[in-house]
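A short write-up of the structure that comes next.
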Amino acid sequence: MAKLTIDDLDLKSKKVLVRVDFNVPIKNGVIGDDNRMVAALPTIKHIIEQGGKAILFSHLGRVKTEEDKKELTLRPVAEHLAELLNKPVTFVPATRGAQLEDAINNMNDGDVLLVENTRFEDLDGKKESGNDPELGKYWASLGDVFVNDAFGTAHRKHASNVGISEAMKAAGKKAAAGYLLEKEIKFLGNAVDNPAHPFVAILGGAKVSDKIGVINHLIDKADKIIVGGGMTYTFYAAKGIKIGKSLVEEDKIDLAKEIMDKAGDKLVLPVDNVCATNFKNDAPSKIFEGDIEDGYMALDIGPKSVELFKNVLKDAKTVVWNGPMGVFEMPNFAKGTLEIGKFLGTLTDATTIVGGGDSTAAVKKLGVADKLTHISTGGGASLEYLEGKTLPGIAAVSDK
Ligand code: AMP
């Protein structure tokens, strides 16, 4: 990797500032899915083992009012992290000032400290989200080195990832990628820029407009692009296939035509669909091949499409998947997504990557996550990566 990584740093007795992504769901002080925290443990444990002092920064939710602070404190996250690490974690309920500085100065080698939600700084003129240069500079002044391990926010240009990196570099100090960031870049980067062929992309989810950047970027790189989910029916409309009351983006039909012309037989669409009379799990449903009857909406791909997609996927060496094949949240319309997920799990010769967001939720809910090579921790970030965009959080890390 062309970027400096945590393995390039001497961490002994160093104050190591780390941007993690601890933006986890919390209800009544209890953490829901802690996957993002678990994903950051290798970096934190490495710093502890090397005798560094780990000073962690993260955002949590969106802080718009003073009131939001009660709900969005990172205190429960610090407590949960202490359990995961099986060692004390000092929580500092401040994002700047004497309390934070004293706590850092009192750290011993191998200690871990978590700073309060970086977005508390947004109440005072969007300092965090607006990448206020003074804030980045101040945070950078608190440490000897910076490690960015927050892939989930890498597509954002905030003070706690980009500002701090720039300020470290300006001060002659280093900004490196942590293990999670390195892993995400390795898998997503290789898949997009240097894939083993055949390379098949599976794109689903609600809207064409959300995935258009990915389709355009992958059209020349992938050998096949499988389309499923709600965006299918805008392509159907472009082909003149009847779609009943299925989801459609009227203003994207011309674009869908352009994509089909450009992609030719690279683009693989479903041939049958599970359609219902209403957007409800227990609504009466029917499978249609091709034209969908008036009064029905397509909510999942049908069994023939599953077989067609499996056939396209069976020899793949690289698979990138973003977006479910249907309304997987409803059990009666989860089958297409489940079948594709399960089949990916059997492709032991292929690198199988799930690119964040709803597809990650889907493979976890369906219990196939551990059979796949890599599940990205970033929704928006992985999508932008697949679109070929430069992610500011990664760009700001020091070059090797
Ligand atoms: P995205 O965030 O773009 O990946 O979209 C995910 C959402 O698309 C999920 O909430 C799915 O329920 C929804 N979705 C997938 N297929 C369909 C469909 N055929 N009709 C309506 N919504 C769908």
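Any value given below was found using the heavy atoms of this structure, including those in side chains, with hydrogens, waters and symmetry copies removed. Just follow the structure's listing: the first ligand is 1, and inside any ligand the first atom is 1.
Linking Ile, Leu, Val, Met, Phe, Trp and Tyr whenever their side-chain heavy atoms come within less than 4.5 Å puts L41 and L11 in one cluster. The hydrophobic cluster containing V306 also contains V319, counting ILVMFWY residues as joined when their side-chain heavy atoms lie under 4.5 angstrom apart, directly or transitively.
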May I have every N or O pair linking ligand 1 to the protein at under 3.5 Å, one per line with atom names and distance?
residue, atom, partner, partner atom, Å
ligand 1, 2 (O), D358, OD2, 3.1
ligand 1, 3 (O), A206, N, 3.3
ligand 1, 3 (O), K211, NZ, 3.4
ligand 1, 4 (O), K211, NZ, 3.2
ligand 1, 5 (O), A206, N, 3.0
ligand 1, 8 (O), A206, N, 3.2
ligand 1, 10 (O), E329, OE2, 2.5
ligand 1, 12 (O), E329, OE1, 2.7
ligand 1, 12 (O), E329, OE2, 3.4
ligand 1, 16 (N), G230, N, 3.1
ligand 1, 19 (N), A298, O, 3.0

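Residue pairs meeting the ring pair (Phe, Tyr, Trp, His ring centres under 6.0 Å) criterion with at least one member in residues 266-290, sequence neighbours excluded, are F288-Y296. Residue pairs meeting the ring pair (Phe, Tyr, Trp, His ring centres under 6.0 Å) criterion with at least one member in residues 44-76, sequence neighbours excluded, are H46-Y179, F57-W139.
Summarising the local packing, NZ of K224 is surrounded by more than 12 heavy atoms from other residues, nucleotides or ligands at distances under 6.0 Å.
Legend: residues meeting ring-ring contact (aromatic ring centres under 6.0 Å, His included) with F343, ordered by chain and number and at least two apart, are absent.
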